[in-house]
Amino acid sequence: RLGWIDFTSLQSRPLSLLPLVQKEAPSDSGSSESKGEAHDTLRIEEAEISLIDEGNRLSWELFIENMTEDEDKQYYLLSRIHGKYFPLNGEAFHIQAKAGRMTRDFSQLELFGEVTISRSDLALTALEAFWSTEAAKITFKNKVRLQREDVRVEAEVMHSDPDLERIEI
């Protein structure tokens, strides 16, 4: 574990992670990296990340098993994600996803593969979820299922307000 990063104090400014980065050693497997090409991909294991919205309010607190840069260095690729989503009002939701990606400035989050958001009064599953600091909504896609009390909704695309109180399908 490398430590904890508190993004709430950044006020939506990008964070330089260079002090936390170590270049991976070239492998002996005969790959292109071992033949002399530079290899400077960011790789962090067991990261804890907090994402804030435009109002500087904590929205997501995520624990990520692996975090790496994509080839174009525009996104961080995430795997085995769990944590909490904090709506504007009410109790926090538990969140789980197999994978995801986040922009380098931490302003957009996409979750993939068996995304689950739940708390005592609501359970929502989908194959994809999208959130950004600017949007006043969360978008869920592909096999979306929402269960709340006696109401069950299924859709291919569902937009929700930040509190998951109002949905549009």
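All values reported here derive from a predicted model rather than from experimental measurement.
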If you define the side chain from C-beta out and look only at heavy atoms, does anything of Tyr85 sit under 4.5 Å from Pro162?
yes
If you take all heavy atoms of Pro87 and Phe93, which pair is closest and at what distance?
CG-CE1, 3.8 Å
Look only at the side chain of Gln147 and the backbone of Glu149, and say whether a donor-acceptor pair between them is shorter than 3.5 Å.
yes
Atom OG1 of Thr116 and atom NZ of Lys98: how far apart are they, to the nearest 0.5 Å?
10.5 Å
For residues Leu88 and Asp161, determine if any side-chain heavy atom of one lies less than 4.5 Å from a side-chain heavy atom of the other.
no
Can you tell whether the side chains of Arg148 and Glu165 come within less than 4.0 Å, N to carboxylate O?
yes
Taking the side chain as C-beta and beyond, is there a heavy-atom pair between Glu114 and Gln96 under 4.5 Å?
no
Could you please spell out the steps behind the side-chain contact (heavy atoms from CB on, under 4.5 Å) verdict for Leu62 and Met102?
CA-CA 12 Å; Leu62 303 173; Met102 178 177 55; 5.8 Å; no
Using 4.0 Å as the upper bound for N to carboxylate O, is an ion pair formed by Arg166 and Glu168?
no
How about Met158 and Leu124: do any of their side-chain heavy atoms sit closer than 4.5 Å?
yes
Can you tell me how far the CD atom of Glu71 sits from the CD atom of Glu69, to the nearest 0.5 Å?
11.5 Å
Cluster overlap Leu127 with Ile117, hydrophobic side-chain contacts below 4.5 Å
no
Check whether more than 12 heavy atoms from other residues, nucleotides or ligands sit under 6.0 Å from atom CG of Asp72, and answer yes or no.
yes
Ignoring hydrogens, what is the shortest heavy-atom contact between Phe86 and Trp60? Give both atom names and the distance.
CD1-N, 4.4 Å
Heavy atoms only: give me the nearest Ser79-Ile64 pair and the separation to one decimal.
O-CG2, 3.5 Å
Report yes if some heavy atom in the side chain of Thr125 is under 4.5 Å from a heavy atom in the side chain of Lys143; otherwise report no.
no
Taking a hydrophobic cluster as the set of Ile, Leu, Val, Met, Phe, Trp and Tyr residues connected by side-chain heavy atoms closer than 4.5 Å, whether directly or through intermediates, do Val115 and Phe130 fall within one such cluster?
no
What are the two closest heavy atoms between Phe112 and Glu128, and how far apart are they?
CD2-CG, 4.0 Å
Check step by step if side-chain contact (heavy atoms from CB on, under 4.5 Å) holds for Leu146 and Phe140.
CA-CA 10 Å; Leu146 176 109; Phe140 301 95; over 6 Å; no
To the nearest 0.5 Å, what is the distance between CH2 on Trp131 and CG on Leu51?
5.0 Å
Could you tell me which non-hydrogen atom of Gly100 sits nearest to which non-hydrogen atom of Ile81, and how far apart they are?
N-CD1, 3.7 Å
Does any non-hydrogen side-chain atom of Tyr75 lie less than 4.5 Å from one of Thr103?
yes
Atom CZ of Arg101 and atom CG of Leu111: how far apart are they, to the nearest 0.5 Å?
11.5 Å
Is Ile169 reachable from Val157 through a run of I, L, V, M, F, W or Y residues, each pair having side-chain heavy atoms under 4.5 Å apart?
no
Of the non-hydrogen atoms in Ala92 and Lys84, which two are nearest, and what is the gap between them?
CB-CD, 4.3 Å
Can you tell me how far the CZ atom of Arg145 sits from the CZ atom of Arg152, to the nearest 0.5 Å?
6.0 Å
OG1-CG distance between Thr133 and Asp53, expressed to the nearest 0.5 angstrom
8.0 Å
